[in-house]
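Notes for the one structure printed next.
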Amino acid sequence: MSNSLGNNLLHQGFLTSTVLEHKSRISSPWLGSNSLFQQQLNSKSPLSTEFRGNRLKVQKKKIHMGKHRAISTSPQAVLTTDAFSELAEKFNLEGNIELQVDVRPPTSGDVSFVDFQVTSGSDKLFLHWGAVKFGKETWSLPNHRPDGTKVYKNKALRTPFVKSGSNSILRLEIRDTAIEAIEFLIYDEAQDKWIKNNGGNFLVKLSRKETRGPDVSVPEELVQIQAYLRWERKGKQNYTPEKEKEEYEAARTELQEEIAHGASIQDIRARLTKTNDKSKSKEEPLPVTKSDIPDDLAQIQAYIRWEKAGKPNYPPEKQIEELEEARRELQLELEKGIDLDELRKKIIKGEIKTKVAKHLKRSSFAVERIQRKKRDFGQLINKYPSSPAVQVQKVLEEQPALSKIKLYAKEKEEQVGDSIQNKKIFKVDDVELLVLVAKSSGKTIVHLATDLNQPITLHWALSKSPGEWMAPPSNTVPPGSIILDKAAETSFSASSSDDLTSKVQSLDIVIEDGNFVGMPFVLLSGEKWIKNQGSDFYVDFGAASKPALKAAGDGTGTAKYLLDKIADMESEAQKSFMHRFNIAGDLIEHATSAGELGFAGILVWMRFMATRQLIWNKNYNVKPREISKAQDRLTDLLQNAFTSHPQYREILRMIMSTVGRGGEGDVGQRIRDEILVIQRKNDCKGGMMEEWHQKLHNNTSPDDVVICQALIDYIKSDFDIGVYWKTLKENGITKERLLSYDRAIHSEPNFRRDQKDGLLRDLGHYMRTLKAVHSGADLESAIANCMGYKTEGEGFMVGVQINPVSGLPSGFQDLLHFVLDHVEDKNVEALLEGLLEAREELRPLLFKPNDRLKDLLFLDIALDSTVRTAVERGYEELNNANPEKIMYFISLVLENLALSVDDNEDLVYCLKGWNQALSMSNGGDSHWALFAKAVLDRTRLALASKAEWYHHLLQPSAEYLGSILGVDQWALNIFTEEIIRAGSAASLSSLLNRLDPVLRKTANLGSWQIISPVEAVGYVVVVDELLSVQNKTYEKPTILLAKSVKGEEEIPDGTVALITPDMPDVLSHVSVRARNGKVCFATCFDPNILADLQAKEGRILLLKPTPSDIIYSEVKDIEFQSSSNLVEAKTSPTLALVRKQFGGCYAISADEFTSEMVGAKSRNIAYLKGKVPSWVGIPTSVALPFGVFEKVLADDINQGVAKELKILKKKLSEGEFSTLGEIRRTVLELSAPALLVKELKEKMQGSGMPWPGDEGPTRWDQAWMAIKKVWASKWNERAYFSTRKVKLDHDYLCMAVLVQEIINADYAFVIHTTNPSSGDSSEIYAEVVRGLGETLVGAYPGRALSFVCKKKDLNSPHVLGYPSKPIGLFIKRSIIFRSDSNGEDLEGYAGAGLYDSVSMDEEEKVVIDYSSDPLITDGNFRQTILSNIARAGNAIEELYGSPQDIEGVVRDGKIYVVQTRPQM
């Protein structure tokens, strides 16, 4: 720092106490030229201040008002005004067209009206407009807008004119008093042209009542407060000096207007300084040690301290602390005997000793938000191959044999059965002790066993309250026991075993009195007392809050060996965090060997620790530096695994989020040293502070961060002890927990008022030290660790220096400064952009080797966490937001989630979809809401898929390990749910729920999609999955509410209606079967309606579908019984089949297809050949006819298979339905007769189809397996139970196989030539998916693109819904073998889709990016494809003369039809 003080470096001051009442961080204190609220110092002296009565009064130079924006336009005619219109303007546009604008000033309140009238104009005019505010160059977009207004590219508003006779009119209501003009153009949509004012914009001024009197004077301190409030309202922006002046004068103007409207200075002062009694204390004079220290010297010293600290951005209260600390430093100098003149010279020479902690410097940003870089979001995709199962198997093979006690426990549990209440295995040195509590016939039985090989005695009692020692009743004491004063002693007896190495001593105690709740005990071996880590053992009889489960299960779906090892070492880990972290570090190698499940086990264990489900410290003292060192080692190992095993990065990141950063040596040591310094400096060495000091010395933990914050809050609240306990409770710390520490905290804090400032200062510094060790995800600590910082030592307290991480991107530090400057903003949009930009910049560094990688990872975790908290804080901002803003928030949160997880391809494509929806909306595309709804549905599916993955990966480990460790059952039940809630997915889901009804309303979707419009009445039954009840028969007419309907299920007998929130396609198999069975079927999108329906479970409802809604009402039971129109639940019809015989040929060509040889599927496709228009392709087909399966089965080479099938079918007929799977597997063992191979080859080659055998014997084997899978599907569960319902003789069902070459489709479609939802025969309904059609007709999640097309106008398809299916199926050139049974398409029975069609090659699942799909992005392409699909459907319907159900594909724009059947 320069020794010259006359160079205006000290243009710096403190806020007056009145302004300080509005507590909030401002940007860059003590950078005088860039502080809105800095006190302007007299130019004659940089230190022109007066100190009066212990209050700092600074002379402020008057700032002149900045110039208003020049508002002019030419030509502009201002007319004389009438009584209603104060200002009117007329513009001649062209020809006889005239524009008149009338401005009506507020008559009461602040609302102005602007009326527009265009004479003889077009029918489709739009006002393209924005508002001009004082001092603003860009347009402002008012929140109050006329109906029909849309936001255009986030830069303007576009409002339609209303036709009135030959004129077009429009009225704007302007409610914002800051708006001084409206600027606009007119857009003629019919002629696609802009109407301008001589090439420029039109502009009309608003006439406001003059509210400023020339003599109105406002006190400067009130102007300061009003300016501060304006700054807060605008998101705490960083202003240029010119902008500061402008804002200051705008604040003065606002107050002058208030006075002109009748407010007094006293009224304004009361409003601005409104405060409670507690805040009034902040107006008390600032305490100083001696009044003879001039205020200007204290300010200079405060500036020097600020400069040495790195010029941090102090909040107002911190400024006061720093000023007082500067006073104290100067007082120390005066006490050495020097006078003020000498003191002044020492200050100027920089000779005053000062100690400050180096802070991360924060830049001053003169921008409201950062400019985000344009990025290809496709670069965010992370895809890693699945971990090899062999690694997990290797670990499983290494599992050691169970210990003697565990074997004994397993045997005892099998004997006792389901009556076990509690189970615990204690470890004492190398000895295990089992305690098993069971209930039987009202008695409590305690089984104890140990593998100690010396005589042992149980010294025990009973408790009526936990921990109490009471002598047991005589009828409870086992024979041979000794009854003492408050206890009894009973010897263990050895189990009968000849093998002394497996000797177990055991003891059973039976308690008949049900009033006892537990049993305390210790063990006596010879002269040695054996305790539970220094305390009594205690077993609960069932009233404990942590009952152990009967058994931990078999560990299926876990790295069981690793979890058992963790459980064995938990008693050691409980000693301290040092022990736990060292054990975790030792287990990282085992976890790596076990792969994903291994790291899942570590995560579960660390999560149990972080949520306080495990003991943190027990009878062991450890230095903070030792904990910090253990953390440092563990996080180093996790960092290394993150680099070497990228496929586990997501779960490793989650583990790190549960563990503090730690650090070698000095960082942890400061926890121990700094608390001593705080006690000494602030004279608080007894009571609660001494108890906390003892805890910190012996076993610091993350609880200390909470305790420190509670103390700070308590002091800030003017020593309100309720605030102290409130902070503790909100963060999970109770009085009981404070008392449970090895060094318990019994006392409450009790400080003197003169300690307040020093404690706030020192505890604030100490919080940083605690967070550096315990809070890796704390944003400020994480940034400081990456940017580097230095904290000087003091006396015995060591200093700390953290060097910056090398290789950070250019501008990254400024980006982090922006984040810190805005992290507390009320309006969070700019903050979210900054956080996401920082994560995007950081991302490439996370995938490169770096010895400081963990600091970068903790920074990324902290940025991620801050996004979540900011979004939750921003919900209020969205209360009245337009849908575009909500969509933008969704895109930001989705981007954050995609940056945090692996296998994120689906999420990334959802993100691209949201950006496209925003683009469509801003571009005025009328389909934007319909498309956004599809993206919303897909995003929900992606979140559900991610949640399912978490549950599959983590829940088994949580339940297995948690049951062994005695974790609360409720914590195990919600373990995965809480993991999900802690991430961005929960915030994203909340935003989707907020937007969904808005989109449905905008897109006119309503709350229902009617799939099968049938009126129904029945009893309401709620089920989770339709699949779980598909084979059930309901005796009464039943309305099923099923939360999950996938699309391939059967509808149970007795069902008259099916309601679901799920989204099966309208043309899925279950939808077809609902319509065929005359079952009402609908999707309900409104959660409130669903909740109401669920609440009516057991009641009788009448459902009346309309084209877009279902009207439901409750029916009384007596009305239901007496209604002549209602009958008992419908039973399925009985159908007859004719057994088909082998026709003498193993294979036939299409011209040989007859009803005796093949099913309707094959015959229909052959019929179409040559009859449909030439632009519709029909694939070449051959078939294996009816009877071939039976012929193959009867062949001598398959005698063994035939014999096995006969046995299995007999079992099936006797009701053993589990044999269905065995039958299918047995069919797959069939061998192909040589004649079958020969005939099929000849027919395929003769029809021009490729023969698989030409590519080698393996290819024929694949084809043969596919044929057998089609035959085996006769015995799949869905088909078998469906035929039973209609009493169809399953033995008579015969399966032909239609063989076709697969067309590698771009799209697949299904057409119903009569709209199935409305029954309208004048329009075609169709659905389209990417790739093969199995995603449409099969149980694949999401919706297809759907459209209708009037038969009289086939060139005008109307899209009903855009696709949300995340997966498309694609395949190389191959052969498909389609099922074609005699049990399909029967009158009154929809058998289609029950049996399988199997490709010779496996389809490739591809995650679909609809943002690059021309069917979505290219309107002309979409219109052409959909029109051609509709035309093909119409041509086939005309060919058959009846409604058709048609399947086909699109390849390179050409339509192919692969099958057709009568529409059911």
Side-chain angles (χ1 to χ4, degrees), residues 377-378 380-387 557 596-597 600 603 647-651 653-654 890-891 893-914 933-956 958 975-993 996 1024-1027 1042-1048 1060-1065 1068 1083 1329-1331 1334-1336 1338-1344 1362-1369 1403-1411:
F377 287 120
L380 294 181
I381 294 173
N382 293 328
K383 289 201 300 185
Y384 301 107
S386 300
S387 54
E596 188 174 65
L597 290 178
L603 171 60
Q647 68 271 35
Y648 308 136
R649 279 176 176 159
E650 179 179 353
I651 200 161
R653 205 170 165 277
M654 294 168 73
I890 287 172
S891 71
V893 180
L894 187 54
E895 182 182 355
N896 190 62
L897 182 60
L899 283 165
S900 304
V901 301
D902 294 331
D903 293 322
N904 61 358
E905 191 173 13
D906 193 11
L907 292 171
V908 170
Y909 291 151
C910 288
L911 174 59
K912 295 178 75 173
W914 282 113
K933 180 62 171 74
V935 181
L936 184 146
D937 291 340
R938 179 176 181 177
T939 307
R940 278 179 168 159
L941 289 172
L943 292 180
S945 176
K946 196 67 187 175
E948 188 177 337
W949 179 80
Y950 280 136
H951 193 276
H952 177 76
L953 177 66
L954 301 177
Q955 196 63 29
F975 182 85
T976 304
E977 179 184 338
E978 288 301 304
I979 289 277
I980 295 167
R981 287 172 61 85
S984 293
S987 301
L988 181 56
S989 180
S990 178
L991 290 171
L992 296 175
N993 291 340
D996 193 356
D1024 285 331
E1025 296 180 329
L1026 179 61
L1027 186 66
K1043 297 175 185 176
S1044 171
V1045 176
K1046 298 305 182 187
E1048 288 197 326
T1060 180
D1062 222 331
M1063 297 180 292
D1065 293 301
S1068 66
T1083 293
V1329 295
R1330 282 291 306 274
E1334 182 59 23
T1335 60
L1336 177 55
Y1340 282 78
R1343 299 289 277 272
Y1362 283 93
S1364 61
K1365 288 184 180 291
I1367 297 295
L1369 297 178
E1403 303 94 341
E1404 179 187 4
K1405 289 185 177 181
V1406 176
V1407 183
I1408 302 299
D1409 179 8
Y1410 290 112
S1411 68

Checklist entry - Between Asn993 and Ser989, is a side-chain contact (heavy atoms from CB on, under 4.5 Å) present by the stated rule, with each step listed? => result CA-CA 6 Å; Asn993 291 340; Ser989 180; 4.1 Å; yes

Checklist entry - Should Lys912 and Leu894 be marked as a side-chain contact (heavy atoms from CB on, under 4.5 Å) after you check the CA-CA gap, both sets of side-chain angles, and the distance that decides it? => result CA-CA 10 Å; Lys912 295 178 75 173; Leu894 187 54; over 6 Å; no

Next on the checklist: Pair Met654, Ile979 - check side-chain contact (heavy atoms from CB on, under 4.5 Å), show working.
Outcome noted: CA-CA 9 Å; Met654 294 168 73; Ile979 289 277; 3.5 Å; yes

Next on the checklist: Is there a side-chain contact (heavy atoms from CB on, under 4.5 Å) between Leu943 and Leu992? Walk through the geometry before answering.
Outcome noted: CA-CA 11 Å; Leu943 292 180; Leu992 296 175; 4.0 Å; yes

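Asp996 contributes no side-chain N or O that, together with a main-chain N or O of Leu936, makes up a donor-acceptor pair within less than 3.5 Å. Checked by atom type and distance alone, the side chain of Lys1365 never pairs as donor or acceptor with a backbone atom of Val1329 at under 3.5 Å. Thr939 places a side-chain N or O within donor-acceptor distance of the main-chain N or O of Val935, the cut-off being under 3.5 Å. Side chain of Tyr1410 to backbone of Ser1364: no donor-acceptor contact under 3.5 angstrom is found.
Among the candidates His951, Glu948, Gln955, Arg981, the single residue satisfying the side-chain hydrogen bond (donor to acceptor under 3.5 Å, both in side chains) test with Thr976 is Gln955.
The minimum heavy-atom distance between Ala1042 and Thr1060, with the atom names listed, is O-OG1, 2.8 Å. Closest heavy-atom contact between Tyr1340 and Glu1334: CD1-O, 3.5 Å. Scanning all heavy atoms of the two residues, the minimum distance from Asn382 to Asn904 falls at N-OD1, 2.7 Å. Taking each heavy atom of Ile651 and Leu954 in turn, the nearest pair found is CD1-CD2, 4.1 Å. Counting all heavy atoms, side chain and backbone alike, Ser987 lies closest to Val893 at CB-CG1, 4.3 Å. Closest non-hydrogen pair, Ile1408 versus Tyr909, comes out as O-CD1, 3.4 Å.
Put simply, CD on Glu895 and CG on Leu911 are 6.0 Å apart, with the number rounded to the nearest 0.5 Å. Rounded to the nearest 0.5 angstrom, Arg940 CZ and Ser945 OG are separated by 16.0 Å. Taking OG of Ser891 as the reference point, atom CG of Asn896 lies at 11.5 Å (rounded to 0.5 Å). Rounded to the nearest 0.5 Å, atoms CG (Leu907) and CG (Asp902) are 11.0 Å apart. How far CG of Leu897 is from CD1 of Ile890: 13.0 Å, rounded to the nearest 0.5 Å.
Between Lys946 and Trp949 the shortest side-chain heavy-atom distance falls below 4.5 Å. Using a 4.5 Å heavy-atom threshold, the side chains of Ser1044 and Asp1024 count as separate. At least one side-chain heavy atom of Asp1062 sits under 4.5 Å from a side-chain heavy atom of Lys1046. Side-chain contact check for Glu1404 versus Leu1369: every heavy-atom pair is 4.5 Å or farther apart. With contacts defined as side-chain heavy-atom distances shorter than 4.5 Å, the pair Val901/Tyr950 qualifies.
Between Arg938 and Asp906 there is a salt bridge, since a side-chain N of the basic residue sits under 4.0 Å from a carboxylate O of the acidic one. The pair Arg653-Glu650 fails the salt-bridge criterion, with no side-chain N (NZ, NE, NH1 or NH2) lying under 4.0 Å from an Asp/Glu carboxylate O.
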